[in-house]
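As the structure lists them, so they are numbered: ligands from 1, and atoms in each ligand from 1.
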Amino acid sequence: MTTLDFFEHLNIHFNNDLPFVAYRKPNDGVVKAMLQDDAKLHYTTNFKASGFVFSPFQNKNENILFPLENCKTLKTSFKIEDKTITSNSAFSVSETSKQKHLDLVEKAIAEINTNTFKKVVVSRVEAQDFSKTETLSLLQKLLNTYTTAMVYCWYHPKVGLWLGATPETLLKVEGNRFLTMSLAGTQPYIDTEEVIWQAKEKEEQQLVTNFIVDSLQDNVNTLNVGQTETIKAGKLLHLRTKISGLLDPEKGLVSVIKQLHPTPAVCGLPKQNAQQFIINNEGYNREFYTGFLGEINLKQSKTRNTNRRNVENNAYATVKSVSHVFVNLRCLQIKDNQALIYVGGGITKDSIPENEWDETVAKSKTVKNLL
Ligand SMILES: C=C(O[C@@H]1C=C(C(=O)O)C=C[C@H]1O)C(=O)O
């Protein structure tokens, strides 16, 4: 299907007020869409169905599913047109929202000093005028700009309209193999990825790695921890460690997702205390920000030998079940003619409130630059 036809179909579906998701996975040339044929709300609790899941930060049982069997699927190879980020103007930030965030960070540090938790991720939401009619054009801008991210636009008339370009995989599963990552620590990208990380960022990211290893150890068959590396996400750099291994087929996808989500990359450590602090103090509902989204249990067939004459080998074609879910970051919600932009950062005992504010400002530019 041509890209023009793809967006034409999407536009008609959107104008008919029906649920859909359009997305491109990191470094993929193909944009896909699932168009649900009616406005019903489907959920999954056991993650056994095939489709696209969209889950909130809280409320573990409200995982919205676009079931594959109720969807028309579309695909197009997307040609990137213009990768330059057009940084439009200096953004005005309200002094009150800055003070509110500084206070929140101070409070989080005070709580860390009483040992309620070691790390907490605090966030805020910023609003900017935005017309819903610009949605698909914003999706195209995100696709053009963030080729290494999971870029998506998700809509359900009963739930809302969200877009984003997230750098963070929560869990990828192919057959029995899984991959997850510890992603934390942030600094601006200024022409080079060869940077020095401070102890605060290293420690903050190590906490995430340790949490992932501890929570998966008894739930998977093998576990490998990769090297920690610097990765670029838009105009930001993060520390990332890949963690991979083999799932326990008895336990499957659901137990691993339940163990991981929400990781200390977006919530804190220990999880319950940090989550309670967030709910009591952030002063707004995160909804799907820092939740997760992506394909679950899609069938992928792979032939070992693509040589057509080798009929015998082709008999060994295998069908694998593939899932890839991402943490919902660098995202926005479109509601009442406004874009609500969600941003946060990890707080530890060594955090400096002013720097934490700057970090959220830098993160907000990922989507704000395109509005
Ligand atoms: C919470 C966000 O990002 C997370 C927090 C990070 C940090 O604290 O350094 C880095 C990457 C993400 O895991 C966000 O982008 O809103």
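The list of ring-ring contact (aromatic ring centres under 6.0 Å, His included) pairs with a residue in residues 219-261, not counting sequence neighbours, reads H261-F292.
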Dump the pairs for me: ligand 1 N or O, protein N or O, distance under 3.5 Å, to 0.1 Å.
| from | atom 1 | to | atom 2 | distance (Å) |
| --- | --- | --- | --- | --- |
| ligand 1 | 3 (O) | R330 | NH2 | 3.3 |
| ligand 1 | 3 (O) | K363 | NZ | 3.4 |
| ligand 1 | 8 (O) | E204 | OE2 | 3.0 |
| ligand 1 | 8 (O) | G346 | N | 2.7 |
| ligand 1 | 9 (O) | G185 | N | 3.0 |
| ligand 1 | 9 (O) | T186 | OG1 | 2.6 |
| ligand 1 | 9 (O) | E359 | OE2 | 3.3 |
| ligand 1 | 13 (O) | E168 | OE1 | 2.8 |
| ligand 1 | 13 (O) | L183 | O | 3.0 |
| ligand 1 | 15 (O) | R330 | NE | 2.7 |
| ligand 1 | 15 (O) | R330 | NH2 | 2.9 |
| ligand 1 | 16 (O) | Y289 | OH | 2.6 |
| ligand 1 | 16 (O) | G344 | N | 2.9 |

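No salt bridge links K232 with E193; every basic N to acidic carboxylate O contact stays at or beyond 4.0 Å. A salt bridge links K98 with E354; the closest basic N to acidic carboxylate O contact falls under 4.0 Å.
The main-chain N or O of K48 is found under 3.5 Å from a side-chain atom of N46 such that the two form a donor-acceptor pair.
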Taking distance alone, no hydrogens or angles, what donor-acceptor pairs closer than 3.5 Å link side-chain atoms of residues 159-176 to residues at least two apart or in another chain?
| from | atom 1 | to | atom 2 | distance (Å) |
| --- | --- | --- | --- | --- |
| T166 | OG1 | E168 | N | 3.1 |
| T166 | OG1 | V327 | O | 2.7 |
| T169 | OG1 | H324 | NE2 | 2.9 |

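Qualifying side chain to side chain contact (heavy atoms under 4.5 Å, CB included) partners for N285, counting only residues two or more places apart in sequence or in other chains: Q58, E287.
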